[in-house]
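The structure appears below as structure tokens.
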Amino acid sequence: MESKEKIHSCLNILKRLPPTQIQKNAAALVSLIPDYAEELYQKIDKPLDIGQDERGNQFIQSEFNRDGDSFRSPQNNQYYPPIDDAVYPSEQLRKLELKANAVFDEYRRLYYEGGLSSCYFWDKDDGGFATAWLIRKNVEKTKGIEEGSWSSINVIDVKTDGKSKWTYKITTSVVLEMNISSNQDVGKFNITGTLTKQKEESFEAPAGGKDIELFHIMKIGTLVEDVESYLRSQLDSVYFGKTRDIVFQTRFSEGEKQSIQQRQGLAGEFKQKYG
Amino acid sequence: MNQGEEEITQVQQYEKVVKYIVKNTPFGQANLVIKDLCKIIGNINPQDPIMLQALKDHNEEHLALFKGQSTQILTSVLNSQEDFYVDQKNNETIQVDHEKLEIISRSQVELPSEPDLNQLRDALEQQLNLYLSQQFNEKICGAYVMYQGDASDFTFYLGITAKTINLPNFFCGSWISTWEFTRTQLKGDLKVQAHYYEDGNVQLKNVNTFSEGINVDLSAASESAKQIVHTISKLENKHLTGMDNLYNSMPDIFFKAMRRPLPITGTKMNWNENVHKLVANLKQ
């Protein structure tokens, strides 16, 4: 199908461009194929934006609480700017949403010591539901960093077999940026990254359906914690470090190339002598 | 608006987007990006003038290296003419294939030449080649030296580049450094880029500028060349050391500031306890 191919090509290109510029880059590509705009925007992970209600209470703006150009606040369930005929979670789900936000806020406090978190829930036709647990953290002018930002987007699809088994499928994406605008030694230094992971687990709910809401929050929360921790560790120890390796194998540090050649020379001699 | 006018606007839009996307593509991946752009736009191929122009700009900005039978040339904005590149040293104009990064043809041409400056140029070339062999990835590396003016008033232009391209393992990087000097002043611009995209997408973009006072003695070409390249080498080494320090401090000054690996308690969050406590609070 033609549209699938074009979207696939767009995603290929976006993967080769800086991840925090994805909104701008996607918009550029969408101008080439305006009919596929919605479809492309739904498939991309971009840094999360922040909105606020009339009292200045902040909440995260995302695809998961958006209707048209308005965004729903998880605190008071209102859309900003206000609209008629908008999409809302069912009453039951809204109760779960309030509880989840309270608990996730504690998670945010423990791991992020700042930043902003929001959870959004929506109903699905199959008797299950889905939810997005989001965090946006900024770091400004600290220890030489001009600015840094972290966005985590955890989307969990929740299904039941109709009895007591619940299956949680999580897709987590982290979008990061570190910006140094004028360092004495390195000048302007900008590093951006995005990484995604999926995981699926099933659990038996406690008998009698008691406290099922707390059960959901615990299971989802644990999954979020595990996958976020994994991605953070990967970005820190593997991905960012890999860019360093790439640079240092392009332009060696002083003396390094000589010692590599020396080692290779010795290895060659050894091979010759002892076969 | 009639059909003709509408088409022109659409083509201009394509051109704008193609230029922007290809410009921001890491060196080594431009051909793949252009293929994908063709699929998106439809009814266009990589040899279309829009695509070729975007590729040409991309190659010049990244000091792309073009190989011939026994030579190579770096292309930059400086030696670029509409259809060819100028090789000052060999008095040639060179035509290239931007997609294959190959030299297509060369023709002799008469260029202004200053014997005193030629001496310095040759000495610089020698020193730069030595520098390249000592400090750079030899798979893809090169340098150029050009000058403008005469013995009483000159400007020399130097370019140094190395690339790492390993698409099967999803990474590539570029080191692009351009310099110019007069009798008393050396100035430089450095662009360092890296891209790793196995399952994820991480990009480094780093730029720096340098400026240092020097003293060029045209009558001692060999010595002057050594000093200039030594200064460049010193400045680039310092930059690299700065990068190393930054990377070493990244886990602490950046990642930890973003998100702790564990809460300050040293243990993971107790969901059971927290869920019960916080939801109870909500009810109140």
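Keep in mind that this is a model prediction, so the values were computed, not measured. Chain letters run A, B, ... following the sequence lines, proteins first and then strands; every chain starts at 1.
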Please round to the nearest 0.5 Å and tell me the distance separating atom [atom1] of [X] and atom [atom2] of [Y].
{"X": "Y14(B)", "Y": "I40(B)", "atom1": "OH", "atom2": "CD1", "answer": "11.0 Å"}
{"X": "F27(B)", "Y": "I165(B)", "atom1": "CZ", "atom2": "CD1", "answer": "5.0 Å"}
{"X": "N101(A)", "Y": "S117(A)", "atom1": "CG", "atom2": "OG", "answer": "6.5 Å"}

Pick from [options]: which one has the most heavy-atom pairs with chain A under 4.5 Å?
{"options": "I21(B), V192(B), I264(B)", "result": "I21(B)"}
{"options": "I140(B), L32(B), T241(B), T209(B)", "result": "L32(B)"}
{"options": "S249(B), A194(B), S174(B)", "result": "A194(B)"}
{"options": "K238(B), K268(B), K256(B), E198(B)", "result": "K268(B)"}
{"options": "N166(B), V18(B), N24(B)", "result": "N24(B)"}
{"options": "P261(B), P26(B), C141(B)", "result": "P261(B)"}

With only heavy atoms counted, which part of [X] is less than 4.5 Å from chain A, the side chain, the backbone, both or neither?
{"X": "Q134(B)", "answer": "backbone"}
{"X": "M250(B)", "answer": "side chain"}
{"X": "C38(B)", "answer": "neither"}
{"X": "T161(B)", "answer": "neither"}
{"X": "N245(B)", "answer": "neither"}
{"X": "Y131(B)", "answer": "side chain"}
{"X": "K205(B)", "answer": "both"}
{"X": "L132(B)", "answer": "backbone"}
{"X": "Y20(B)", "answer": "side chain"}
{"X": "V275(B)", "answer": "both"}

Checking heavy atoms, do the side chain of [X], its backbone, both or neither come under 4.5 Å from chain B?
{"X": "T250(A)", "answer": "both"}
{"X": "D226(A)", "answer": "side chain"}
{"X": "Y36(A)", "answer": "neither"}
{"X": "K15(A)", "answer": "both"}
{"X": "E228(A)", "answer": "both"}
{"X": "L176(A)", "answer": "side chain"}
{"X": "S237(A)", "answer": "neither"}

Is a side-chain donor or acceptor of [X] paired with a backbone partner of [Y] at a separation under 3.5 angstrom?
{"X": "S233(A)", "Y": "S229(A)", "value": "no"}
{"X": "N12(A)", "Y": "D36(B)", "value": "no"}
{"X": "H62(B)", "Y": "H58(B)", "value": "yes"}
{"X": "N77(A)", "Y": "R94(A)", "value": "no"}
{"X": "E212(B)", "Y": "L186(B)", "value": "no"}

Pair E201(A) + K199(A): basic N to acidic O under 4.0 Å: yes

Output yes when K99(A) and E213(A) qualify as a salt bridge under the 4.0 Å nitrogen-oxygen rule, no when they do not. yes

Centre of F210(B)'s six-membered ring, under 6.0 Å away, within 45 degrees of the axis: is that where NZ or CZ of K187(B) sits? no

Give a yes/no verdict on a cation-pi contact between R251(A) and F136(B), requiring under 6.0 Å between NZ or CZ and the six-membered ring centre and an angle within 45° of the axis. yes

Flag the one option from [options] with the top tally of heavy-atom pairs under 4.5 Å to chain B.
{"options": "I7(A), D105(A), L110(A)", "answer": "L110(A)"}
{"options": "T222(A), L235(A), I217(A)", "answer": "T222(A)"}
{"options": "G241(A), P18(A), G193(A)", "answer": "P18(A)"}
{"options": "S173(A), G114(A), G221(A), S152(A)", "answer": "G221(A)"}
{"options": "K137(A), R244(A), M218(A), E254(A)", "answer": "R244(A)"}
{"options": "L17(A), T20(A), L195(A), V103(A)", "answer": "L17(A)"}

Angle class for the H195(B)/Y197(B) ring planes (parallel below 30°, perpendicular above 60°, tilted otherwise)? parallel

Going by the angle between their ring planes, with limits at 30° and 60°, are F203(A) and Y168(A) parallel, tilted or perpendicular? tilted

Do the ring centers of F189(A) and Y247(B) come within less than 6.0 Å of each other? yes

Suppose we call two aromatic rings close when their centres sit under 6.0 Å apart. Are Y196(B) and Y239(A) close by that rule? yes

Inter-chain contacts: residues 229-236 of chain B against chain A, heavy atoms under 4.5 Å: S233(B), E236(B)

With sequence neighbours excluded, tell me which residues meet side chain to side chain donor-acceptor pair (under 3.5 Å) with K24(A). none

Could you pull out all residues at least two apart from D236(A) that satisfy side chain to side chain donor-acceptor pair (under 3.5 Å)? R232(A)

Are there residues of residues 25-32 of chain A that reach to under 4.5 Å of chain B by heavy atoms, and which ones? N25(A), A28(A), L29(A), S31(A), L32(A)

Which residue, F104(A), F215(A), Y107(A), forms the ring pair (Phe, Tyr, Trp, His ring centres under 6.0 Å) with W271(B)? Y107(A)

